[in-house]
Asker: 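Please find one structure pasted underneath; my questions will follow.
What you are looking at is a predicted structure, and each value in this text was computed from that prediction instead of being measured.
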Amino acid sequence: MSGSSIIAAKKQLRTQMRERLGALASDRIAGESERVLRRVSAHPRFQRSTHVSIYLSMAKELQTMRLVERALAAGKSVYVPRCAPGGAMEMVRLAGLDDLAALAPSRWGIPEPPADRAPVDPALLDFVLVPGVAFDACGNRCGHGKGYYDRFLARAVNAFACAACLDEQVVDSVPAADHDRKPDIVVSPSGTVFCAEDRREPLSQPV
């Protein structure tokens with residue numbers, strides 16, 4: 001598939017997924033989110049992590065607030081995204097839940113740290129929760145089309161990249177280009193969708 005064909009196929013997939021996710025009731029999203037985040041919390045790489053990046057959710061996607069709460073309660077340093085000039089993305093440390101509540105929303109309506117707060121060195125992170133629109137069993141991911149996480153993960157060289165999604169976001173095939181980065185694992189409420197062979201570890205049962 002040519003580069004232009006991949007771009008067009010991803011655009012069509014995003015449109016289909018927006019319609020699919022837009023039809024989901026809020027309580028269903030909340031229930032699926034809790035199930036998948038319990039799986040993420042039970043993973044040995046999350047349990048061992050000390051510096052974790054967690055994206056903050058839009059309305060019609062997996063809700064991550066409970067994972068932020070659990071990570072802070074466990075004494076982990078938690079970092080959330082900020083879009084920087086030039087198409088870059090940075091991660092900024094949260095001081096706590098009060099700090100999160102005080103963040104102003106970005107143009108997408110997502111809380112975002114202000115520009116005067118220093119970002120973390122991506123190499124310090126040991127766990128990154130990766131968002132996406134759609135995923136498949138080969139680990140291919142369709143993001144929102146800006147490439148933020150593809151570029152950021154290339155710099156987060158020590159991080160375990162864990163993609164978390166709703167069951168409705170798992171599709172038969174996601175079109176992928178050479179520059180698209182696969183996460184180390186993709187987790188849904190129903191279980192592990194994909195795991196890179198060199199990243200396999202026994203998975204604790206969610207509690």
Side-chain angles (χ1 to χ4, degrees), residues 1-26 28-43 45-46 53-64 67 81 83 87 89 108 110 127-157 159-203 206:
M1 186 179 289
S2 68
S4 59
S5 297
I6 291 173
I7 292 171
K10 284 186 175 182
K11 184 176 181 180
Q12 182 179 21
L13 179 58
R14 290 187 190 103
T15 299
Q16 293 170 348
M17 295 307 300
R18 277 196 296 270
E19 293 174 357
R20 182 182 299 182
L21 296 175
L24 293 179
S26 297
R28 177 160 184 167
I29 293 175
E32 287 200 30
S33 297
E34 176 59 21
R35 287 166 58 201
V36 70
L37 293 181
R38 288 174 68 177
R39 292 185 181 278
V40 172
S41 300
H43 197 283
R45 292 299 294 261
F46 180 80
S53 162
I54 302 175
Y55 69 90
L56 302 177
S57 308
M58 294 185 287
K60 290 292 185 175
E61 67 179 353
L62 184 136
Q63 300 298 295
T64 61
L67 191 64
C83 294
M89 182 177 68
W108 294 288
I110 305 169
F127 190 97
V128 175
L129 191 72
V130 181
V133 174
F135 302 87
D136 66 22
C138 294
N140 295 311
R141 165 185 168 271
C142 178
H144 292 281
K146 303 297 185 182
Y148 287 124
Y149 273 86
D150 289 320
R151 293 189 294 273
F152 184 79
L153 291 175
R155 298 161 56 215
V157 294
F160 184 80
C162 175
C165 64
L166 306 174
D167 282 332
E168 290 79 7
Q169 293 177 274
V170 180
V171 299
D172 290 338
S173 179
V174 171
D178 291 341
H179 65 268
D180 291 328
R181 296 184 68 90
K182 293 183 180 182
D184 296 309
I185 193 170
V186 179
V187 182
S188 77
S190 298
T192 299
V193 177
F194 163 83
C195 185
E197 287 294 334
D198 60 345
R199 294 293 201 170
R200 294 189 180 275
E201 291 192 50
L203 178 60

Asker: Show the nearest heavy-atom pair for residues Pro183 and Ala163, with the distance to one decimal.
Answerer: CG-CB, 3.8 Å

Asker: Side chains of Val186 and Arg141, heavy atoms from C-beta outward: is any pair under 4.5 Å?
Answerer: no

Asker: Roughly how far, to the nearest 0.5 Å, is the CG atom of Leu153 from the CZ atom of Arg155?
Answerer: 10.5 Å

Asker: Report yes if the side chains of Tyr55 and Ile110 come closer than 4.5 Å at any heavy-atom pair, otherwise no.
Answerer: no

Asker: With sequence neighbours excluded, what pairs up with Gln16 under the side-chain contact (heavy atoms from CB on, under 4.5 Å) test?
Answerer: Gln12, Leu13

Asker: side-chain contact (heavy atoms from CB on, under 4.5 Å) between Leu62 and Glu32: does it pass, once the steps are laid out?
Answerer: CA-CA 8 Å; Leu62 184 136; Glu32 287 200 30; over 6 Å; no

Asker: If I take atom CG from residue Leu67 and atom OG from residue Ser57, how far apart are they, to the nearest 0.5 angstrom?
Answerer: 9.5 Å

Asker: Do you know which two heavy atoms are closest between Ala154 and Val157, and how far apart they sit?
Answerer: O-CG1, 3.6 Å

Asker: Give a yes or no answer on whether the side chain of Asp150 reaches the backbone of Asp180 with a donor-acceptor pair at less than 3.5 Å.
Answerer: no

Asker: Hey, is the main chain of Gly87 close enough, under 3.5 Å, to the side chain of Lys146 for a donor-acceptor pair?
Answerer: no

Asker: At their closest point, which heavy atom of Leu21 faces which heavy atom of Gln169, and how far apart are they?
Answerer: CD2-CG, 3.9 Å

Asker: Give the minimum heavy-atom separation between Pro175 and Lys10, together with the two atoms involved.
Answerer: O-CE, 3.1 Å

Asker: Are Arg181 and Tyr149 side-chain neighbours, meaning at least one heavy-atom pair lies under 4.5 Å?
Answerer: no

Asker: Would you give the length of the straight line joining atom CZ of Arg39 to atom CZ of Phe46, rounded to the nearest 0.5 angstrom?
Answerer: 15.5 Å

Asker: Suppose we screen for salt bridge (Lys or Arg N to Asp or Glu O under 4.0 Å). Which residues come up paired with Asp136, at least two apart in sequence or across chains?
Answerer: none

Asker: From Thr192 OG1 over to Ile185 CD1, what is the distance, rounded to the nearest 0.5 angstrom?
Answerer: 4.5 Å

Asker: Verify the ring-centre separation between His43 and Phe127: is it less than 6.0 angstrom?
Answerer: no

Asker: Taking all atoms of both residues into account, what is the closest heavy-atom pair of His144 and Glu61, and its distance?
Answerer: NE2-OE1, 3.9 Å

Asker: Just how far is it from atom CD1 of Ile6 to atom SG of Cys142, taken to the nearest 0.5 Å?
Answerer: 11.5 Å

Asker: For Asp167 and Pro189, work out which heavy atoms get closest and say how close.
Answerer: OD1-CD, 3.4 Å

Asker: Please report the interatomic distance CZ(Arg28) to CG(Leu166), rounded to the nearest 0.5 Å.
Answerer: 9.0 Å

